[in-house]
Chemist: 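Would you mind keeping the following structure in view while I ask a few things?
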Amino acid sequence: MISILQGKKIVLGVTGGIAAYKAVELLRLLVTGGAQVQVVMTRSAQEFVTPLTFQALSGNPVHLGLFGPDADPLEHISLAQEVDALVVAPATANCIGKLAAGIGDDLLTTLILAATRPILICPAMNVRMYENPVVQENLERLRQRGLAVMPPDMGEMACGAYGSGRLPEPAAIVETLAGLLSPKDFQGYHLLVSAGPTHEDLDPVRFITNRSTGKMGYALARMARRRGAKVCLVSGPSSLAAPLGVERLMVRTALEMQQVLLERFPRTDALLMAAAVSDYRPASFAAGKIKRGSAEMMVNLTHNPDILESLGALRTRQVMVGFAAETDDIQAHAQQKLERKKLDMIVANDVSAPDSGFAVDTNQVTLLHRSGVVEALPLLSKDEVADAVLDRVATLLADVPK
Ligand code: PMT
């Protein structure tokens, strides 16, 4: 769920490139995220995809031109005043050139000239066109005027060439747009986030783990990045893609996670520890695969270090937030962890509830503050939980001298 888009008025500008078909999926994601989207197509975009496709998906008539029997000559002004953000995807070299030169000769370019809200330009074209110095100069002029330009992806193009110029995936464009719409209250802060399970090896083919997928920690990293933080995500094994703009360091075991976090902790302003770290690991690692025998098998386990406690010993100014995965007596157990690990806040979740905790996209949490304040939040998406946690971290950071 991309809650930041809920109710937002977005203009999606589509220009005439082969990647125009990807704008259909982009529109679908924006609408699914709750945005109200007005699509503006240039004349050449209509050669690639029909307006009817965009009309059906957006639920709104598609805006096609400045003139004509159905056109409102002041539409560019009214649309520009109403929107929260504009995204042009794909943006051709022609459209980019016109915008850089201040030309407004169709509805889309006049609309962008009149707009005062965030504008995201997503160039897509052949690699040699994209690398042409005049296109690069035009993009630089747009950046200097405050427009956001999303770098195209590398890969094979429709013309068979290989290089930079492919329109980024629609989900990545939505993420970038969400970042433009988010408050930037974490600008200048470094956040360290842990996520996912750990794998504790028993032999070359077996390990002890838990049911964490990384969803909660990845949501924290993604939302913190949207809000302007520099984020380092230390992730145990997870199938999730790295959030856009986040530095991700993959680890397997609790010991590896501890080592990476210890190294990064001194450079961080706040630590958000959502990883489900295994408290134990096999006492010894069998170099060969353990064979099936007739007798029962015993596995000796040894303690893993408590990573939060070891980081607490190095703490200078850092805000520290832990998570507590509980199945019973949730608040009391979380309170003990808050105190023992000397945290500023702990996020307690009931991992026995079907819509909370491991693997699902929602979570119901109680926030326990060191000050004694306890806040029970309703069932929310993990993105919303992450935002709520970050709101509290922003308040805590405001009290820390930089
Ligand atoms: O990844 P998902 O599928 O989205 O699931 C999310 C989650 C349930 C994993 C997440 O919301 C969560 O609760 N994470 C913490 C899980 C956990 O390990 O809880 P704990 O109560 O065992 O540990 C308390 C705190 O100490 C945690 O911040 C943990 O990271 C930390 N810890 C635990 C053990 C250890 N050896 N070192 C630690 O630092």
Side-chain angles (χ1 to χ4, degrees), residues 1 192-200 208-223 233-240 243 248 251-262 264-265 270-281 301-315 318-368 377 379-386 388-389 393:
M1 191 186 299
L192 189 55
V193 180
S194 75
T198 60
H199 286 182
E200 309 297 333
I208 294 173
T209 189
N210 58 62
R211 292 171 46 223
S212 171
T213 57
K215 284 183 177 177
M216 190 63 246
Y218 278 57
L220 284 163
R222 187 169 53 248
M223 302 315 268
L233 172 64
V234 181
S235 172
S238 166
S239 60
L240 300 177
R248 180 173 69 164
V251 296
R252 284 192 77 243
T253 65
L255 290 176
E256 283 173 23
M257 186 172 278
Q258 183 189 38
Q259 195 185 346
V260 175
L261 288 172
L262 282 171
R264 289 302 181 113
F265 187 66
L271 167 75
L272 307 173
M273 191 77 188
V277 183
S278 179
D279 281 317
Y280 293 93
R281 67 179 184 276
L301 300 177
T302 187
H303 259 122
N304 269 327
D306 187 308
I307 301 178
L308 271 177
E309 281 189 31
S310 63
L311 293 170
L314 301 176
R315 182 178 194 172
Q318 291 85 355
V319 167
M320 291 180 70
V321 175
F323 275 68
E326 305 295 347
T327 54
D328 54 283
D329 241 340
I330 292 162
Q331 203 169 311
H333 286 128
Q335 181 68 33
Q336 284 165 15
K337 288 177 186 171
L338 173 80
E339 288 166 22
R340 180 159 46 82
K341 297 174 192 251
K342 299 191 175 61
L343 303 171
D344 295 296
M345 186 171 85
I346 196 155
V347 183
N349 41 196
D350 178 355
V351 292
S352 64
D355 44 11
S356 246
F358 294 113
V360 288
D361 291 321
T362 49
N363 211 357
Q364 184 155 16
V365 302
T366 303
L367 308 178
L368 287 82
L377 302 187
L379 183 69
L380 297 170
S381 72
K382 281 186 176 167
D383 279 1
E384 288 167 327
V385 170
V389 169
V393 172

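Numbering of ligands and ligand atoms starts at 1, following listing order.
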Chemist: Quick check against the 3.5 Å criterion: does Thr362 have a side-chain atom that pairs as donor or acceptor with the backbone of Asp355?
Modeler: yes
Chemist: Looking at Ala324, which atoms of ligand 1 are within less than 4.0 Å of one of its heavy atoms?
Modeler: 21 (O)
Chemist: In terms of residue, atom name and distance, what is the protein heavy atom nearest to atom 23 (O) of ligand 1?
Modeler: Phe323 O, 3.7 Å
Chemist: For Ala359, counting its heavy atoms only, list the atoms of ligand 1 lying under 4.0 Å from any of them.
Modeler: 2 (P), 3 (O)
Chemist: As an exercise, identify every atom of ligand 1 less than 4.0 angstrom from a heavy atom of Gly357.
Modeler: 5 (O), 6 (C), 8 (C)
Chemist: Are Arg252 and Glu200 close enough for a salt bridge, meaning some N to O gap below 4.0 Å?
Modeler: no
Chemist: Taking only Lys NZ, Arg NE, NH1 and NH2, and the carboxylate oxygens of Asp or Glu, determine whether Arg340 and Glu309 approach each other closer than 4.0 Å.
Modeler: yes
Chemist: Quick one: side chain to side chain donor-acceptor pair (under 3.5 Å) partners of Lys382, sequence neighbours excluded?
Modeler: none
Chemist: Can you measure from CG (Leu233) to OH (Tyr218) and round to the nearest 0.5 angstrom?
Modeler: 5.0 Å
Chemist: When you measure from atom 39 (O) of ligand 1 to every protein heavy atom, which one gives the shortest distance, and what is it?
Modeler: Leu308 N, 2.9 Å
Chemist: Would you say ligand 1 has an N or O under 3.5 Å from any N or O of Gly322?
Modeler: no
Chemist: So which bit of Ala274 gets within less than 4.0 Å of ligand 1, heavy atoms only: side chain, backbone, both or neither?
Modeler: backbone
Chemist: Any idea which atoms of ligand 1 are less than 4.0 Å away from a heavy-atom of Gly214?
Modeler: 1 (O), 2 (P), 3 (O)
Chemist: May I ask you to check whether Met216 has an N/O atom sitting below 3.5 Å from an N/O atom of ligand 1?
Modeler: yes
Chemist: Just need the protein heavy atom nearest to atom 36 (N) of ligand 1, so name the residue and atom and give the distance.
Modeler: Pro305 O, 2.9 Å
Chemist: I need the atoms of ligand 1 closer than 4.0 Å to a non-hydrogen atom of Met273, numbered in the order shown.
Modeler: 27 (C), 28 (O), 30 (O), 39 (O)
Chemist: May I ask you to identify the nearest protein heavy atom to atom 37 (N) of ligand 1, giving residue, atom name and distance to one decimal place in Å?
Modeler: Ile307 N, 3.0 Å
Chemist: Does Ala276 reach ligand 1 with a nitrogen or oxygen that is under 3.5 Å from one of the ligand's nitrogen or oxygen atoms?
Modeler: no
Chemist: Measuring from non-hydrogen atoms of Ala254 to any atom of ligand 1, is the shortest distance under 4.0 Å?
Modeler: no
Chemist: Within ligand 1, which atoms have a heavy atom of Ser212 less than 4.0 Å away?
Modeler: 1 (O), 2 (P), 3 (O), 9 (C)
Chemist: Which residue supplies the protein heavy atom nearest to atom 32 (N) of ligand 1, what is that atom called, and how far is it?
Modeler: Lys341 NZ, 3.7 Å
Chemist: Below 4.5 Å, heavy atoms only, C-beta onward: do Leu311 and Leu271 meet side chain to side chain?
Modeler: yes
Chemist: Take atom NZ of Lys341 as the centre, draw a 6.0 Å sphere, and report whether it contains more than 12 heavy atoms from other residues, nucleotides or ligands.
Modeler: yes
Chemist: Starting from atom 20 (P) of ligand 1, what is the nearest protein heavy atom, named by residue and atom, and what distance separates them?
Modeler: Lys337 NZ, 3.7 Å
Chemist: Touching ligand 1 at all, Lys382? Heavy atoms, strictly under 4.0 Å?
Modeler: yes
Chemist: Any ion pair linking Asp344 and Arg315 (charged N to carboxylate O, less than 4.0 Å)?
Modeler: yes
Chemist: With sequence neighbours excluded, what pairs up with Asp350 under the salt bridge (Lys or Arg N to Asp or Glu O under 4.0 Å) test?
Modeler: none
Chemist: Looking only at protein heavy atoms, which one is nearest to atom 34 (C) of ligand 1, and what is the separation?
Modeler: Asp279 OD1, 3.2 Å
Chemist: Is the closest N or O pair between Asn304 and ligand 1 shorter than 3.5 Å?
Modeler: no
Chemist: Out of Leu240, Leu220, Asp383, which residue meets the side-chain contact (heavy atoms from CB on, under 4.5 Å) rule with Lys215?
Modeler: Leu240
Chemist: Please confirm whether the backbone N or O of Ala324 pairs with a side-chain atom of Asn349, one donor and one acceptor, at under 3.5 Å?
Modeler: yes
Chemist: Under the criterion side chain to side chain contact (heavy atoms under 4.5 Å, CB included), I'd like the reasoning laid out for Leu261 against Ile307: C-alpha separation, chi angles, the key distance, then a yes or no.
Modeler: CA-CA 8 Å; Leu261 288 172; Ile307 301 178; 3.8 Å; yes
Chemist: At a 4.0 Å threshold, what atoms of ligand 1 neighbour a non-hydrogen atom of Lys215?
Modeler: 1 (O), 2 (P), 4 (O)
Chemist: Is the backbone N or O of Asp328 less than 3.5 Å from a side-chain atom of His333, with the two atoms forming a donor-acceptor pair by type?
Modeler: yes
Chemist: Given Ala275, Ala325, Ser356, Ser235, which one has a non-hydrogen atom that is nearest to atom 29 (C) of ligand 1?
Modeler: Ala275
Chemist: Give the residue and atom name of whichever protein heavy atom lies nearest to atom 11 (O) of ligand 1, and the separation in Å to one decimal.
Modeler: Asn349 OD1, 2.6 Å
